[in-house]
Structure formats: structure tokens, C-alpha cells
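Note sheet for the following structure.
Residues take their numbers from the sequence shown, with the count starting at 1.
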Amino acid sequence: MKAILFFLVLMLSASIVINSQNLVAVQNGGDPTFYAEVKDAVTAAISGDTIYIPGGTYEDIIINKKLHLVGVGHHPDSTSVTNMSQMSGSIALITGADGGSITGLKICNLVFGTSIENQSINNYIITRCWIGGLSLGKSSPGTSNNISIIENF
């Protein structure tokens, strides 16, 4: 009987672990708020928030406010437990994203501006990311200044 009870508890625990999901946390001073997708977290966040992105693969996002995105990293050796934080599409930075930052993400395509004219992004820092592609959108006559891309792969 004890063996059957132990087995049932073990199976229940395993199913909880398998069905658990990583949640994206948005932090602004007080208590964090959690979301299933990065896109939803970016939409709900206010300027100055930090968004913590767990291991997993996420869709395209457009950032138009000062946000700080923090992933768990991208290197297979250091993310074997959590998996890497990966943006499967693109991260587009547009006017309003000034003063933000991104760290610890695998980014398939990083876009400054979009097909919309007059996009300006200033004082932005990207560190410790894997960047597959870097695109400069149609920004004429907009300008971008002080973009730092440091220790990236």
C-alpha cells in the first residue's frame, strides 16, 4: 500500500513539473506582475519597468517605451537547466524606447526603427546577447544616437 501511495505522489509531482510554465515577470518598484508571453508583458509594462524573461522561445515584439529586458542568457553550457531566453522573430526598437536596455537574450533579428519614417532611438544598451541579424529601419529623417552594443556574440 505504501508503494502504491508513493508511486501516486511521485506521478502527481512529475505531472505538476511537466505542466508548469515559465512566466515573464514585469517589475516596477513593488510587486511583480506575471504574463505567459513577452508580447503581453511589453504591452502592459510602463516606461521604466524591467521585464524578466525566463528560458523559452518567444515571438516578435515592438518596444516603444523605456524598458529593460533581462533574459537568462543564450549560451548552451550555462542555460542547460533553464534553456536560453530566445526571441524567435525580431525585437523592433522604435521612437520612445530611449534609455532602455536588453541583456541575456538570443535575438534572431534586432531592428532599429521600422518601415515607418522618423524613428529615433537614443541611449540604448544591448549587452551579453546573441544577435543573429541587425537591421536599420527606414529612419529618414530620424536619427539615433548613443546606441551601445557590448559583449555580444
Is a donor on one side and an acceptor on the other found under 3.5 Å between the side chain of Ser90 and the backbone of Asp60? no

Closest non-hydrogen atom pair between Gly89 and Cys108, with its separation: O-CB, 3.3 Å

Any donor and acceptor pair, going by atom type alone, linking the side chain of Asp98 with main-chain N or O of Asn122 inside 3.5 Å? yes

pair Ile53-Ile51: side-chain heavy atoms closer than 4.5 Å: yes

Do the side chains of Leu134 and Ile147 join up, straight or via other hydrophobic residues, at under 4.5 Å, putting them in one cluster? yes

Please list, one pair per line, the donor and acceptor atoms closer than 3.5 Å that link side chains of residues 63-70 to other protein atoms, with sequence neighbours excluded.
unit_1 : atom_1 : unit_2 : atom_2 : d
Lys65  : NZ     : Val42  : O      : 3.0
Lys65  : NZ     : Thr43  : O      : 3.2
Lys65  : NZ     : Ala45  : O      : 2.7
His68  : ND1    : Ser101 : OG     : 2.8

Considering non-hydrogen atoms only, spot the tightest contact between Gly55 and Asn22 and give its length. O-ND2, 3.0 Å

Measuring from Asp31:CG to Thr33:OG1, what's the distance to the nearest 0.5 Å? 8.0 Å

When every non-hydrogen atom of His74 is compared with those of Met84, the smallest separation belongs to O-CE, 3.3 Å

Any sub-3.5 Å donor-acceptor pair from Asp40's side-chain atoms to Val38's backbone N or O? no

CD1 (Ile126) and CG (Leu93) are apart, to the nearest 0.5 Å, by 6.0 Å

Drop me the distance from Thr127's OG1 to Ile150's CD1, to the nearest 0.5 angstrom. 6.5 Å

Closest non-hydrogen contact found for Phe34 with Ala25 is CE2-CB, 3.6 Å

Side chain to side chain, Tyr58 and Glu37, heavy atoms closer than 4.5 Å: yes

Could you state whether Ile91 and Tyr52 fall into the same hydrophobic cluster, counting links through intermediate Ile, Leu, Val, Met, Phe, Trp or Tyr residues with side-chain heavy atoms under 4.5 angstrom apart? no

Honestly curious: do Met87 and Tyr124 fall in one hydrophobic cluster under the side-chain, below-4.5 Å linking rule? yes

Compare every heavy atom of Asn83 with every heavy atom of Gly56, then report the nearest pair and how far apart it is. N-CB, 4.4 Å

Taking all heavy atoms of Ser135 and all of Asn109, pick out the closest pair and write down the distance. OG-OD1, 3.3 Å

Interatomic distance, CG@Asn28 vs CD1@Ile46, rounded to 0.5 Å, equals 4.5 Å

Rounded distance (nearest 0.5 Å) linking atom OG of Ser88 with atom CD1 of Ile107: 12.0 Å

If Ile, Leu, Val, Met, Phe, Trp and Tyr residues are connected whenever their side-chain heavy atoms lie under 4.5 Å apart, and connections chain through other members, are Ile131 and Ile121 in the same group? yes

Treating Glu59 as the side-chain partner and Ile61 as the backbone partner, does any N or O pair qualify as donor plus acceptor under 3.5 Å? no

Nearest-0.5 Å distance, CZ of residue Arg128 to CD of residue Glu151: 4.5 Å

Go through Gln119 and Ile94 one step at a time and tell me if the side chain to side chain contact (heavy atoms under 4.5 Å, CB included) criterion holds. CA-CA 6 Å; Gln119 297 295 306; Ile94 63 174; 2.8 Å; yes

Result of checking Val24, Thr57, Val72 against Ser85 for side chain to side chain contact (heavy atoms under 4.5 Å, CB included): Val72

